[in-house]
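This structure is a prediction, so every number in the text was calculated from the model and none was measured.
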Amino acid sequence: MMDSFDPSASSLGKDVDPAVMHELLQIRSSIDNFDATLVYVLAERFRATQRVGVLKAEHRLPPADPTRESMQIARLRRLAEEAHLDPAFAEKFLTFIIDEVIRHHQAISDGTAPLPVTPGSADADTRA
């Protein structure tokens, strides 16, 4: 698939000083790299949580684990503070991810979710 992303696309007018635009594009290039990294890291995280969902379903464990979730949120808030990131934002972000994971675990438990695919497996090769 061809990527139509244009890293120099901008709605800023042509009145912007070329040196300023150059610096802006350099910074945005770093941001674009971070965004791509986030997507790949989230994909890996969800592959792992899908395996957890299968294990929970096989052993009739509940999709959610409130104790672990609250401990993870507290841990992430501490990490956010250390990294000088707004802990409230970090909590919202993790809560969003946890809610999605629980939804996936429930679907796996109900038998309404496709089984997870591990990269490099025969199934992964046919779904590429």
**Q** Is it possible for you to say whether Phe93 and Phe46 belong to one hydrophobic cluster, with membership spreading through side-chain heavy-atom contacts below 4.5 Å?
**A** yes
**Q** Show your reasoning for whether side-chain contact (heavy atoms from CB on, under 4.5 Å) applies to His22 and Asp17.
**A** CA-CA 9 Å; His22 178 74; Asp17 180 310; over 6 Å; no
**Q** Under the side-chain contact (heavy atoms from CB on, under 4.5 Å) rule, what do Asp99 and Arg103 come out as? Steps first, then yes or no, please.
**A** CA-CA 6 Å; Asp99 290 346; Arg103 190 179 69 75; over 6 Å; no
**Q** I need the minimum non-hydrogen distance between Ile73 and Thr95, along with the two atoms involved.
**A** CD1-OG1, 3.7 Å
**Q** When rounded to the nearest 0.5 angstrom, what is the spacing between CD1 in Ile31 and CD in Gln26?
**A** 12.0 Å
**Q** List the atom of Ile108, the atom of Gly53, and the distance in Å for their closest heavy-atom pair.
**A** CG2-O, 3.6 Å
**Q** Does Glu69 use its side chain to pair, donor to acceptor, with the backbone of Asp65 at less than 3.5 Å?
**A** yes
**Q** Can you list the steps and then say if Thr112 with Asp110 is a side-chain hydrogen bond (donor to acceptor under 3.5 Å, both in side chains)?
**A** CA-CA 5 Å; Thr112 59; Asp110 295 343; 4.7 Å; no
**Q** Hey, quick one: are Ile97 and Leu79 part of the same hydrophobic cluster, counting side-chain heavy atoms closer than 4.5 Å, chains of contacts allowed?
**A** no
**Q** Is it the case that over 12 heavy atoms from other parts of the model lie below 6.0 angstrom from the CE atom of Met21?
**A** yes
**Q** Can you tell me if Tyr40 has over 12 outside heavy atoms packed within less than 6.0 Å of its OH?
**A** no
**Q** How about Glu100: does its CD atom have over 12 heavy atoms from other parts shown lying under 6.0 Å from it?
**A** yes
**Q** Verify side-chain contact (heavy atoms from CB on, under 4.5 Å) between Asp35 and Val39, making sure each step is shown before the conclusion.
**A** CA-CA 6 Å; Asp35 290 345; Val39 167; 5.8 Å; no
**Q** Can you tell me if Ser29 uses its side chain to pair, donor with acceptor, with the backbone of Leu25 under 3.5 Å?
**A** no
**Q** Side-chain heavy atoms under 4.5 angstrom apart, residues restricted to Ile, Leu, Val, Met, Phe, Trp, Tyr: same cluster for Phe96 and Ile102?
**A** no
**Q** Can you hop from Leu55 to Leu61 via hydrophobic side chains spaced under 4.5 Å?
**A** no
**Q** Report yes or no: does His105 contribute a side-chain atom to a donor-acceptor pair with the main-chain N or O of Thr49 at less than 3.5 Å?
**A** yes
**Q** Begin with the C-alpha distance, continue with both residues' side-chain angles, and end with the deciding distance and a verdict on side-chain contact (heavy atoms from CB on, under 4.5 Å) for Arg28 and Ser8.
**A** CA-CA 9 Å; Arg28 285 180 174 174; Ser8 64; over 6 Å; no
**Q** Hey, what do you get for CZ (Arg75) to CZ (Arg68), rounding to the nearest 0.5 Å?
**A** 8.0 Å
**Q** Over all heavy atoms of both residues, which pair between Ala80 and Ala90 is shortest? Give the atoms and the distance, please.
**A** CB-CB, 3.6 Å
**Q** Grab the two heavy atoms, one from Glu81 and one from Pro87, that are nearest each other, plus how far apart they are.
**A** CG-CG, 3.4 Å
**Q** Write down the atom of Asp86, the atom of Ala88, and the distance for their closest heavy-atom approach.
**A** OD1-N, 3.0 Å
**Q** Out of curiosity, does Leu85 fall in the hydrophobic cluster containing Leu76 (side-chain heavy atoms, cut-off under 4.5 Å, transitive links)?
**A** no
**Q** Does the pair Glu44/Arg47 count as a salt bridge with the N-to-O cut at 4.0 Å?
**A** yes
